[in-house]
Amino acid sequence: MDKLEIEGGVPLRGEVQVSGAKNAVLPILAATLLADGPCVIEGVPDLRDLDTMLRILRELGVEVEKDLAAGTIRTEVRDDTKIRAPYELVKTMRASICVLGPLLGRRKRAEVSFPGGCVIGPRPIDLHLAGLEALGAEMRIEAGYILADGRHMQGREIYLGGAYGPTVTGTANQLMAAVLTPGTTVLEHAACEPEVADLARFLVKMGAKIEGIASPQLIVTGVSRLTGARHRVIPDRIEAGTFLTAAAITHGDVIIRGAEASHLTAAIATLRRMGVQVDRLPDGGLRVRAPERLHPTDLVTLAHPGFPTDLQAQFMATLAIADGNSFVTEKIYPERFIHVAELTRMRAKIRKKGPTAIVEGVDYLSGAPVMASDLRASAALVVAGLAAHGTTTVDRVYHIDRGYERIEQKLQGLGARIRRINDKTPAVDD
Ligand code: EPU
């Protein structure tokens, strides 16, 4: 297992380039299952989760060519009789569930392993299943697999909202099932996340008929065939947001190239309340300049365009050294606070009360050995380590490698003293 070792205290300066969005590229690759003909996806980041999705696609009869130097993936369906996404792959990445919709839409049958537990709290897929059932798919769960038969699917009106708001990958699944389903499907309370809109735009390039993209009502008119298409994925707003916090916590001055400001309005507004100057650059991207002291502020995670849950941990780390108390409330995953204990090891003062963390700003964080637990919590520990006094060692970096492309190299480019330590001890999750 690799570790990251960080000597904190260097204000970050310089420019960093944002990669393509993990949470856009994964459903978009799943959507290539729908195509008659080759697809070319550009701006693809080099991530562990991406490799998992490519393995699943190969398992499902898709020929995949990866040119990572160019950031391009070419796919072409060679065998459309394969319908099984196996447990061995699905268990390592929940986004694997995104193959369910396209398999049903195109191959009319699917056998997808039921995703397992998750460290950020319960992550049910009941809305995915109910939506597909409402379209007329027959669904059974047997031996840990979702067995689905979509031969009698028909466009319908489907309400996709749940107790915690709309579902992102659930909307993606529904869209991918509906585009080849006869009739009109109306998805009410659909997720408006930029990644869902990006998927919808890719589907339109393939010949799908979708109205209301980026809105909570998506109207899909089924077509009989989709072609291959070429598409460049949107920049990763969560990676960009992580660099925003890295600049803020180190009192730095950083230009984030390729960041799409319109995808980050809640995060930018929060930083401005903290006294951080964030400017859109005329040629795209963002410049972030942080003062010596940060103001405390409150934030509540919500579905887009609300504050993203995937930046909650990184902002909490940053607020840990603000001048006063901040309230951080998690409304998407009320149990997503696993980073609190590790940040506390670094001298942060954080108390949890239900779905809210009360962050009492301290003068400084103290470097410590800490353990990465999930992707974004791990990113928060790196952010904290960049500002902490002394050395922070973040163990189990494979969590970060799932979703951040060459994070240590990008931070080194901004002057951070961070290095990867290769350790041959095998990865063990507990
Ligand atoms: N929910 C249900 N039933 C469902 C589906 C979701 O109750 O059938 C609940 C969830 O438990 C949660 C809320 O609805 O409380 C939102 O979950 P959602 O389905 O939107 O999450 P997801 O699609 O599984 C995606 C991202 C996550 C991100 C969430 C929320 C991908 C591959 N994953 O997950 O990203 O946190 O949306 O924005 O797009 C990450 O990148 O680190 C990550 C976890």
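Note that the coordinates shown come from a computational prediction; the quantities given were computed from them, not determined experimentally. All ligand and atom numbering here is 1-based and tracks the order in the structure.
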Quiz: residues 118-135 side-chain donor-acceptor pairs under 3.5 angstrom, not counting sequence neighbours:
| residue | atom | partner | partner atom | Å |
| --- | --- | --- | --- | --- |
| Arg123 | NE | Tyr333 | OH | 3.4 |
| His128 | ND1 | Asn173 | ND2 | 3.1 |
| His128 | NE2 | Gly170 | N | 3.4 |

Item checked: Ligand-side contact atoms (ligand 1) for residue partner His128, heavy atom cut-off under 4.0 Å -> 8 (O)
Notebook entry, point to check: Among Asp310, Ile238, Leu311, Asn23, which residue places a heavy atom closest to atom 39 (O) of ligand 1?
Noted result: Asn23
Margin query: Which residues pass the salt bridge (Lys or Arg N to Asp or Glu O under 4.0 Å) test with Asp51, not counting sequence neighbours?
Written below: Lys66
Check: For the side chain of Glu193 and the backbone of His304, is there at least one donor-acceptor N/O pair under 3.5 Å apart?
Finding: yes
Margin query: Any carboxylate oxygen within less than 4.0 angstrom of a Lys/Arg side-chain nitrogen, looking at Arg140 and Glu138?
Written below: no
Item checked: Shortest heavy-atom approach to atom 18 (P) of ligand 1 - which of Asp374, Val168, Ile97, Asp236 -> Val168
Item checked: Distance filter under 4.0 Å to Ala95 heavy atoms, resulting ligand 1 atoms -> 32 (C)
Next item on the list: Report yes if some N/O of Tyr333 lies less than 3.5 Å from some N/O of ligand 1; otherwise report no.
Entry: yes
Check: N/O of Gly170 under 3.5 Å from N/O of ligand 1, yes or no?
Finding: no
Checklist line | Residue and atom name of the nearest protein heavy atom (relative to atom 41 (O) of ligand 1), distance in Å to one decimal | finding: Arg376 NH2, 2.8 Å
Note to self: Please evaluate residues Arg237 and Glu195 with respect to the criterion salt bridge (Lys or Arg N to Asp or Glu O under 4.0 Å), reporting the C-alpha separation (whole Å), side-chain torsions for both, the decisive distance (0.1 Å), and the verdict.
What the structure shows: CA-CA 9 Å; Arg237 65 193 165 103; Glu195 294 76 14; 2.8 Å; yes
Notebook entry, point to check: Is the closest heavy atom of Pro166 to ligand 1 under 4.0 Å?
Noted result: yes
Next item on the list: Report the nearest protein non-hydrogen atom to atom 19 (O) of ligand 1: residue, atom name, distance rounded to 0.1 Å.
Entry: Thr167 OG1, 2.6 Å
Next item on the list: Decide whether the shortest distance between a heavy atom of Glu195 and an atom of ligand 1 is less than 4.0 Å.
Entry: no
Notebook entry, point to check: What residue and atom, counting heavy atoms only, is the protein's closest point to atom 16 (C) of ligand 1, and at what distance?
Noted result: Ile332 CG2, 3.7 Å
Next item on the list: Under 4.0 Å from a heavy atom of Arg336: give me the atoms of ligand 1 that qualify, with their elements.
Entry: 36 (O), 42 (O), 44 (C)
Next item on the list: Before giving the answer on side chain to side chain contact (heavy atoms under 4.5 Å, CB included), spell out for Leu33 and Val99 the whole-Å C-alpha distance, their side-chain angles and the decisive distance to 0.1 Å.
Entry: CA-CA 8 Å; Leu33 284 163; Val99 300; 4.0 Å; yes
Next item on the list: Below 4.0 angstrom from a heavy atom of Thr309, which ligand 1 atoms are there? Numbered from 1 as shown, please.
Entry: 30 (C), 36 (O), 38 (O)
Checklist line | Heavy-atom closest contact (Ala208 atom, Val223 atom, distance) | finding: CA-CG2, 4.5 Å
Note to self: Please report whether ligand 1 has a polar contact with Pro124, defined as an N or O pair separated by less than 3.5 Å (distance criterion only).
What the structure shows: yes
Item checked: Asp310 vs Lys22, salt bridge (Lys or Arg N to Asp or Glu O under 4.0 Å): CA-CA, chis, key distance, verdict -> CA-CA 12 Å; Asp310 291 341; Lys22 166 181 88 78; over 6 Å; no
Check: Any idea which atoms of ligand 1 are less than 4.0 Å away from a heavy-atom of Tyr164?
Finding: 13 (C), 14 (O), 15 (O)
Notebook entry, point to check: Do we get Arg48 above Tyr398's six-membered ring, with its NZ or CZ under 6.0 Å from the centre and within 45° of the axis?
Noted result: no
Notebook entry, point to check: Which ligand 1 atoms, with their elements, are less than 4.0 angstrom from a heavy-atom of Thr169?
Noted result: 22 (P), 23 (O), 24 (O), 31 (C), 32 (C), 39 (O)
Notebook entry, point to check: How does Ala163 reach ligand 1, by side chain, by backbone, by both or by neither, if only non-hydrogen atoms under 4.0 Å count?
Noted result: neither
Checklist line | Test of proximity, Arg123 against ligand 1: N or O pairs below 3.5 Å | finding: yes
Notebook entry, point to check: Atoms of ligand 1 less than 4.0 Å from Lys22 heavy atoms?
Noted result: 40 (C), 41 (O)
Check: Quick one: which of His399, Arg396, Arg345 gives a side-chain contact (heavy atoms from CB on, under 4.5 Å) with Met371?
Finding: Arg396
Item checked: Under 3.5 Å: N/O of Leu375 near N/O of ligand 1 -> no
Note to self: Tell me whether Arg419 contacts the main-chain N or O of Gln412 through its side chain, where contact means a donor paired with an acceptor under 3.5 Å.
What the structure shows: no
Note to self: How far is atom 8 (O) of ligand 1 from the closest protein heavy atom, and which atom is that?
What the structure shows: Leu127 N, 2.7 Å
Checklist line | Protein heavy-atom partner closest to atom 3 (N) of ligand 1 - residue, atom, separation in Å | finding: Asp126 OD1, 2.7 Å
Checklist line | Arg230 and its side-chain contact (heavy atoms from CB on, under 4.5 Å) partner, picked from Ile41, Val40, Thr72 | finding: Val40
Next item on the list: Any atoms of ligand 1 less than 4.0 Å from a non-hydrogen atom of Ile125? List them with their elements.
Entry: 4 (C), 8 (O)
Next item on the list: Using the side chain to side chain donor-acceptor pair (under 3.5 Å) rule, pick out the option among Glu330, Lys331, Gln312 that qualifies with Thr301.
Entry: Glu330
Notebook entry, point to check: Would one find more than 12 heavy atoms of other residues, nucleotides or ligands at under 6.0 Å from atom CZ of Arg272?
Noted result: yes
